[in-house]
Amino acid sequence: MLSVHAAHALLPQGWARDVRIDIQAGRITAVAAEQPWDGQVQRLGCVVAGLGNLHSHAFQRAMAGLTEVGGRSGDSFWSWRELMYRFLDRLDPDTFQAIAAQAYMEMLESGFTRVGEFHYLHHAEDGSRYANPAEMAVRVAAAADETGLGLTLLPVFYAHSDFGGAAPVPAQRRFLHDVEGFAGLLDGCRQALRASPDAVLGVAPHSLRATTPQELQALVEMAPGPIHIHIAEQTREVDACVAWSGQRPVQWLYANADVDARWCLVHATHVDPREVQLMADSGAVVGLCPITEANLGDGVFPMRDFVQAGGRFGVGSDSNVLIDAAEELRLLEYGQRLQLRGRNVLSPGPESSGRWLYEQATNGAAQALGVQAGLGVGAPADLLELDEQHPAMQHRTGDALLDSWLFAARNGALRGVWRNGRQLVRDGRHVNREAIAARYQAALGRILA
Ligand code: ZN
């Protein structure tokens, strides 16, 4: 058994002093406050639970910053997607794994301790199956394993280019399955995760564009865990859904699927008040990706209405254009402040915005990723130690420390990150940084040089 002792820790019931945390097989077995340090176990400063990153496409990390040039006819999500399709034509399994490992290492260094990998790049460059049809899922699992990041694998079902079962376009050839083929992929994913005892397997119908109603039903029936779907990210998608069905995407989903707490609705940017209420009442998590949504010009989710209706949310790094747990929460709050022209506009009472955002996002992500949240008995021993010597965080305690990390600190705010009781980040750097970064650099040389 391993134990650590924290001078301060944010527990599910609030801040506590002198907290001893006992860990066995990666899980917390006991938490006791007001315990004197015995001088034997590792002594930490201020500790909070790790944050889950509920939505990622790891390979897109390598194209970050390469799509920031305007076009004569105006750039958009859809022109970005064209570039992304061309980029992924160059990815083989080794390159893919090297990029994913770099992205996962950066996630850990920024405070994310588990990722929901919304994994859709399944097949070889020409669209043919690999010898193991789950080869790329094996690579996702290997990247998570070598970095130590917790993994909730969400293999994506993708069959169509638009609503109404439209035939896929050639650029989508690496994503495609029919329902039977997808069931085989799911078996392959189970095999890929066998060596990772705390990995979680779910399913991800890519979007209402990419699945027919019958296919969606089949996927829900075969789901072994969480169900994630991209929804209502762009107004063009909303218009196309209305033209196809007479209903908006979220409205259609709730009318045609039994959406409950297993579901994570990723983006849900464009929703009307009725849809906000439906989502909140269902117990589903809305997966917000503020940096990517800003980068792609998606729009702003009606967050305050959703929160007031009792909605649950978490954050994801999605395109990984910038990987930063604090920045996701900061931008989530700032987008709302800009739109609502007020300060501290989300937290319902007179409480710290940082504390409220952090707790809500930690709980929402844990639900969406199929694991227990918080520093409690039975939860994974995923811990962050804030650096109280960081210039932005000195002479602060409790909520003010969280506020200062999320709103006022740049890099280096985390001293250590533990996953399943193992310390993976020391003084802000991943313990295998050099090797992972060198392999990433070589991979970029192959695809971009
Ligand atoms: Zn996405």
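When a ligand or atom number is given, it counts from 1 through the structure's own listing order. Small disclaimer: the values here were computed from a predicted structure and weren't measured. Position 1 is the first residue of the sequence, and the numbers go up from there.
Among heteroatoms of the N, O or S kind in H55, NE2 lies nearest the Zn ion (ligand 1). When the N, O or S atoms of D318 are ranked by distance to the Zn ion (ligand 1), OD1 comes first. In terms of distance to the Zn ion (ligand 1), the nearest N, O or S atom of H230 is named NE2.
Counting all heavy atoms, side chain and backbone alike, N320 lies closest to T292 at N-OG1, 4.2 Å. Here the closest heavy-atom approach between residue L331 and residue A294 is recorded as CD2-CB, 4.1 Å.
Rounding to the nearest 0.5 Å gives a distance of 14.0 Å between CZ of R274 and OH of Y254.
Using a cut-off of 2.8 Å, one finds that C289 contributes no N/O/S atom close to the Zn ion (ligand 1). At a cut-off of 2.8 Å, H267 is not counted among the residues with an N, O or S atom near the Zn ion (ligand 1).
Ring geometry for H206 versus H230: interplanar angle over 60°, hence perpendicular rather than tilted (30 to 60°).
Between the side chains of E117 and S56, at least one donor N or O lies within less than 3.5 Å of an accepting N or O.
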